[in-house]
Amino acid sequence: MFWTQSREHEFQKMVEKSDSDQQSVRVRFAPSPTGYLHIGGARTALYNWLWARKSGGVFILRIEDTDMERSTQDSVEEILEGLRWLGLDWDEGPYFQTQNLEKHKEAADKLLREGHAYRCFCSKEDLDNQRKEAESKKIAFMYDGRCRNLTPEQVQANIEKGMTSVVRFGVPRDAHSVVAFDDAVYGRIEKRARDIEDFVILRSDKSPLYILSNAVDDALDKITHVIRGADGLANTPKQILIYNALGIEPPIFAHMPLTLDNKKAKLSKRVHGEVVTISYYRRRGFLPWALCNFLALLGWSSPDGREFFSRDELIDIFDLSRINRHNSIFNYVSGDPKNWTDPKAIHFNATYVRSMSLNDLTPYVKNELKNNDLWSDCYESTEKEWFLNTIDLIRTRYHVITDFSTKGRFCFSDDFEFDPKAVIKNLYQDANLAKYLPELARGLNTLPVFDPEKIEGIFRDLAEKKQVKAGLIINASRTAVSGSSVGPGLFELLAILGKERVVKRLNQSVRLIENA
RNA sequence: GUCCCCAUCGUCUAGCCCGGCCUAGGACACAGGCCUUUCACGCCUGCGACAGGGGUUCGAAUCCCCUUGGGGACGCCA
């Protein structure tokens with residue numbers, strides 16, 4: 001009676017469509033907005049996105065916001081923001097599951113009317129007690145289906161008495177009934193119908209449950225491949241049952257193994273902190289594609305053993321069939337400042353930072369410098385060549401983009417810090433440095449061409465003249481001009497910094513030395 | 001407790017489907033060395049795994065069974 005003619009028609013169309021022509025691929029990422037976008041979610045989104053792009057299909061974003069109490073707008077924003085940053089652009093959506101609530105109810109009504117579902121008047125308290133008791137006796141609890149055989153008259157009578165009811169799906173109970181499907185990753189999965197309980201699809205307040213909403217939305221969105229975490233594996237037989245009862249061809253399922261922590265527990269912000277959130281990687285200076293590349297390899301491998309791929313290369317080579325079946329571990333150990341996240345993830349980022357084209361890298365560096373008041377527009381005009389040479393020189397030892405504004409600060413500002421250890425090691429080493437450095441500055445100042453070769457000549461000459469090892473003045477100079485004891489080859493570095501700044505910093509360092 | 005899934009170096013994994021090419025390959029991490037003005041990069045070397053037990057077979061990491069271990073699901077959560 002609630003089932004209107006037009007809705008009926010809609011489902012009918014769906015049925016016809018699904019078993020006619022081979023449709024193009026449609027996949028979706030369907031997060032629930034109850035928190036942040038995390039590593040696991042991003043990986044799921046990535047695999048869906050890759051599959052869509054590979055097959056020339058459509059990637060849909062659907063926000064499953066039916067849990068009104070826990071869903072927040074902030075969370076939606078963060079998820080969209082995260083996906084955008086990762087570069088996982090969607091073609092449709094974001095759709096919101098709550099928008100389809102009526103359709104979910106209609107599907108439930110249809111199931112009810114056609115005898116695939118029934119009203120259950122058992123109270124929640126009653127069931128909870130049964131469950132608890134079963135648990136204490138260590139026996140499996142499954143709803144016994146006692147309301148399944150209520151006659152229409154009994155149902156009517158209960159309703160008139162004002163009893164509340166939920167709608168349960170009536171799982172086929174023929175002797176050897178089996179629900180089976182071919183998972184694109186796990187292969188054939190079979191489950192005996194007798195091991196599936198009559199699950200609830202509509203609450204007593206008539207609101208649909210996820211298991212129903214999700215399946216109906218996938219049908220409505222004409223999803224062809226459901227690529228999701230393996231935690232959805234156990235739900236799948238139930239959803240297949242729903243599809244079958246609705247007369248809809250189920251999508252192809254591809255369950256991907258889960259990513260756990262090094263104790264094989266679920267990753268969560270609560271216990272692991274920000275390191276599981278995507279926004280953290282953005283803040284810590286990760287390149288979005290480096291993260292994607294790393295994530296892609298958590299549960300998937302290429303046929304040729306390669307690990308680094310451009311976007312297009314990965315899209316080209318990615319395939320559902322090479323997703324493996326065992327869970328992987330996100331190798332994060334807390335309290336290690338160097339390996340603050342999975343070391344392999346850092347390795348990927350560092351490799352991208354030092355090997356990607358300067359053209360692709362520059363926007364990230366620009367943004368980082370801007371955020372730290374180190375940017376100057378001339379880096380894109382008059383000083384462009386200098387800027388490019390500079391980041392190319394310093395990037396080889398950087399791991400993350402933030403390094404450009406911290407470790408690399410001395411290149412873009414005179415206001416940088418001196419590492420106390422470096423000062424002690426390189427500047428306090430020899431009191432004569434207070435004389436050598438200004439002398440060096442004078443020598444450098446005479447150079448008409450400030451290039452690495454000429455600069456080195458000045459250094460070597462001075463070392464010989466003073467009868468000291470060149471390393472002494474080289475290392476002292478490094479600290480004097482950069483504040484650090486580590487960095488690129490010194491002569492190249494000085495050439496980049498330019499005569500004026502070098503001479504000034506060399507002379508100023510005398511004060512530091514004299515304070516020793 | 002029931003059902004489902006999984007099992008190769010510390011971690012990510014190749015090999016498994018279609019047994020022999022596997023004294024098990026690669027990557028990260030770690031250790032040592034080379035290069036070097038430092039730190040990186042790079043290069044070289046080392047460390048390091050087929051969970052255990054049965055079968056099948058001339059031959060098993062690969063096939064089968066059991067055990068063990070791990071994960072997931074079992075909500076009027078999603």
Side-chain angles (χ1 to χ4, degrees), chain A residues 30-34 64-67 69-71 97 120 122-124 127-128 131 134-142 164-168 183 186-187 189-192 194-197 199-205 207 209-211 213-214 229-238 255 257-258 260 262 264-266 294 297-308 324-333 339 342-348 350-351 354-355 396-399 422 425-426 456 459 463 469-479 484-491:
Chain A
S32 57
T34 53
E64 303 209 318
D65 58 345
T66 47
D67 185 343
E69 287 180 15
R70 295 193 302 152
S71 296
Q97 193 158 59
C120 167
C122 299
S123 75
K124 186 164 180 2
L127 291 171
D128 283 346
R131 217 183 321 267
E135 203 171 309
S136 69
K137 286 183 184 164
K138 296 217 172 216
I139 53 172
F141 172 78
M142 202 182 277
T164 59
S165 64
V166 298
V167 175
R168 281 183 189 273
D183 191 278
Y186 285 88
I189 306 274
E190 292 188 357
K191 182 140 175 151
R192 289 182 302 257
R194 65 157 193 258
D195 292 322
I196 305 173
E197 77 169 351
F199 51 97
V200 179
I201 55 175
L202 229 52
R203 298 184 182 87
S204 49
D205 67 0
S207 63
L209 268 90
Y210 162 82
I211 193 102
S213 299
N214 180 258
D231 46 351
L233 209 47
N235 273 332
T236 311
K238 294 179 184 171
H255 287 90
L258 267 16
L260 310 169
N262 52 19
K264 297 197 170 150
K266 246 182 173 169
F294 166 74
L297 261 14
L298 230 45
W300 173 88
S301 62
S302 82
D304 61 5
R306 274 181 69 194
E307 296 198 307
F308 284 87
N324 64 211
R325 288 183 273 274
H326 58 267
N327 295 343
S328 54
I329 289 173
F330 182 67
N331 195 15
Y332 157 75
V333 182
N339 292 318
D342 190 311
K344 193 151 181 170
I346 294 176
H347 170 254
F348 268 76
T351 301
R354 69 168 174 268
S355 64
T396 57
R397 37 227 99 196
Y398 293 171
H399 293 165
K425 184 180 166 207
N426 290 337
E456 179 163 7
F459 271 81
K469 276 195 286 189
L472 176 73
I473 27 183
I474 288 173
N475 289 327
S477 301
R478 176 189 305 288
T479 302
S484 172
S485 62
V486 302
L490 185 76
F491 310 123

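Proteins get letters first, then strands, A, B, ... in listed order; numbering begins at 1 in each.
Using N1 to N3 plus N6-O4 or O6-N4 for Watson-Crick, or N1-O2 and O6-N3 for G-U wobble, each under 3.5 Å, B:A73 pairs with B:U2. Taking a pair to require two hydrogen-bonding distances under 3.5 Å in either a Watson-Crick or a G-U wobble arrangement, B:C50 remains unpaired. Nucleotide B:C43 is matched to B:G33 when pairs are restricted to Watson-Crick or G-U wobble geometry with both distances under 3.5 angstrom.
One interatomic measurement links the two molecules: NE2 of A:H399 to P of B:A40, which rounds to 9 Å at whole-angstrom precision. We find that CZ of A:F294 is positioned 7 Å from C1' of B:C12, with the value rounded to whole Å.
Side chains of A:N214 and A:E64 form a contact here, defined as non-hydrogen atoms less than 4.5 Å apart.
Checking B:U13, B:C3, B:A29 against every side-chain atom of A:P343, the shortest atom distance belongs to B:A29. You'll find that the side chain of A:K344 is closest to B:C28, out of B:A78, B:C28, B:A73. The listed nucleotides are B:G71, B:A78, B:U37; the one nearest the side chain of A:F491 is B:U37. Between B:U38, B:C77, B:G26, one nucleotide has an atom nearer to the side chain of A:E307 than all others, and that is B:G26. If you check B:C41, B:C76, B:G75 against the side chain of A:E197, the one that comes closest is B:G75. Nearest nucleotide to the side chain of A:N339, out of B:C77, B:A29, B:U37: B:A29. Of the candidates B:U13, B:G72, B:G75, B:G72 carries the atom nearest the A:D231 side chain, counting heavy atoms from C-beta on. Checking B:C77, B:G10, B:G71 against the side-chain heavy atoms of A:R203 singles out B:C77 as nearest. The listed nucleotides are B:C12, B:U38, B:G1; the one nearest the side chain of A:A140 is B:G1. Among the nucleotides B:U37, B:C5, B:G71, the one closest to any side-chain atom of A:L490 is B:U37.
A donor-acceptor contact under 3.5 angstrom links the side chains of A:T479 and A:N426, judged on distance only.
One finds a salt bridge joining A:K344 and A:E307 here, because a Lys/Arg side-chain nitrogen approaches an Asp/Glu carboxylate oxygen to under 4.0 Å.
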